[in-house]
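This report refers to the structure that appears directly beneath it.
Throughout, a chain's letter reflects where its sequence line sits, starting with A, and its residues are numbered from 1.
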Amino acid sequence: MKRLTEFVAGSRELADPAFSQAVVTWQKQHGRHTLPWQNTRDAYRVWLSEIMLQQTTVAAVLSYYERFLARFPTVRDLAAAPSEDVMALWAGLGYYTRARNLHACAKRVVAEYGGEFPSDPVLLAGLPGIGRSTAAAIAAFSYGTRAAILDGNVKRVFARVFGVEGYPGEKKVEDALWLRAEALLPGDDGIEAYTQGLMDLGATLCTRSSPACERCPLAERCIARATGRTDELPVRKPKKAQPEKSAVLFVVLDGGDVLLEQRPESGIWGGLQSLPEMDGHVALDHDSITRSDGDIAVAAGARFGAVEEVSALLPLVHVFTHYKLHILPYVVRLAQRGEAPAGHQWWPLARIDEAGLPSPVRKLLASLAKPSLF
DNA sequence: GTCCGGTGTC
DNA sequence: GACACCGGAC
């Protein structure tokens, strides 16, 4: 179990009563007050909304929330429901682990807490689907518990106002943000308006792009605003260089036919046909392949018949979401075709559109029709 | 197309 | 600490 100090710690140097006061005052005047899960202290409703609002916008949640509540008015109703019903009602919201955790959580609240959500954020955070931030939000809205939230919106507000450098996904940066979140909590009063105010600021004014600083109650104390860096804070996730891989592909030709190979069901281009590869592996480390060894290509081509001529084509690059693939194509013209190896078949070039090929392979074969390019 | 995100898991 | 989850914002 997490230690209590983790939730109530903070730092005197970071304390600033005027901060929470500004947020609370703004929330009462300009914040959101009429969302369906507001104006209630029913922890079940608060919890349901907070889980739905993880990774999901208010607009998307509204109709789902109403339907859930209509079908499952209390946590006992939800706990007693078949999981298929819960999943069916969640369908379309995404992140289906949330739905499974939601159901499991409802069952535990009934079994372990008599159907009443605990008011202690530490206990709440021990329930499935409820982390530190969500626990604090539920406790604050349902029970007025003085606890700090730190979701993506709040991270953005803090990073900008206080000029917090570094990517918030990094542990030391996140720890620093939690320290501020704890230190900036209001005193004994106003935790609900303060918590809601931080959420509202992040969602409506302090947006990722084009923040409405002119309407922000924190503008005069905002470091990002003062230094013109709202578009640089919070620091974006560093994107790691995408790996580069290579594949030697053979365009094995016999008259008007090309040899195709069925790819495995899983992995890239799963279930499609493609061109035969060297070693039967696409995606070798880019550095491990050079184009210098046409001999290998000749030898590899011999797998398919009597080789008449081998020529290298210009390499092409295909970009996937997670890596860059350099395709090194060789044309292998056969004097006489051998028996097609298992998983291979000869295909008339004239009907190549019907073969079900990945687009870079399709382009490669199409380019053969324009020899002027080579 | 790219970026983003609470929690759970590895 | 890295990643998966999945849909929305841009």
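Atom CD1 in A:I51 sits about 9 Å away from atom C1' in B:dG6, given to the nearest Å. At whole-Å resolution of the value, CG in A:L150 and C1' in B:dG6 are 11 Å apart. Regarding A:M52, its CE atom lies at a distance of 16 Å from the P atom of B:dT7, rounded to whole Å. For the pair A:I138 CD1 and B:dT7 P, the interatomic distance rounds to 9 Å; values are reported in whole Å. Between the CD1 atom of A:I149 and the P atom of B:dT7 there is a distance of 11 Å, given to the nearest Å. At whole-Å resolution of the value, CG in A:N153 and P in B:dG5 are 9 Å apart. Put simply, CD1 on A:I130 is 9 Å from P on B:dG8, counting in whole angstrom units. Rounded to whole Å, atom C1' of B:dG5 lies 12 Å from atom CD of A:E174.
Contacts of A:R98 with the nucleic acid, taken as non-hydrogen atoms under 4.0 Å apart, are absent.
For A:D42, the salt bridge (Lys or Arg N to Asp or Glu O under 4.0 Å) criterion is met by A:R45, not counting sequence neighbours. Partners of A:R215 according to the salt bridge (Lys or Arg N to Asp or Glu O under 4.0 Å) rule, which considers only residues two or more places apart in sequence or in another chain, do not exist here. Partners of A:E165 under the salt bridge (Lys or Arg N to Asp or Glu O under 4.0 Å) rule, at least two apart in sequence or in another chain, are A:R229. Annotation: ring pair (Phe, Tyr, Trp, His ring centres under 6.0 Å) contacts of A:Y44 (sequence neighbours excluded): A:W47.
A salt bridge (charged side-chain N to carboxylate O under 4.0 Å, His left out) check over residues 57-83 of chain A, counting only residues at least two apart or in different chains, returns the pairs A:R71-A:D85.
Ion pairing between a basic and an acidic side chain is recognised when a charged N comes within 4.0 Å of a carboxylate O; A:D175 and A:K171 show such pairing.
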**Fill in**
Scoring nucleotides 2-10 of chain C by protein non-hydrogen atoms under 4.0 Å (B base, S sugar-phosphate only, - none) yields -S-BBSS--
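Considering only side-chain atoms of A:D151, the nucleotide from B:dG6, B:dG8, C:dG1 that sits closest is B:dG6.
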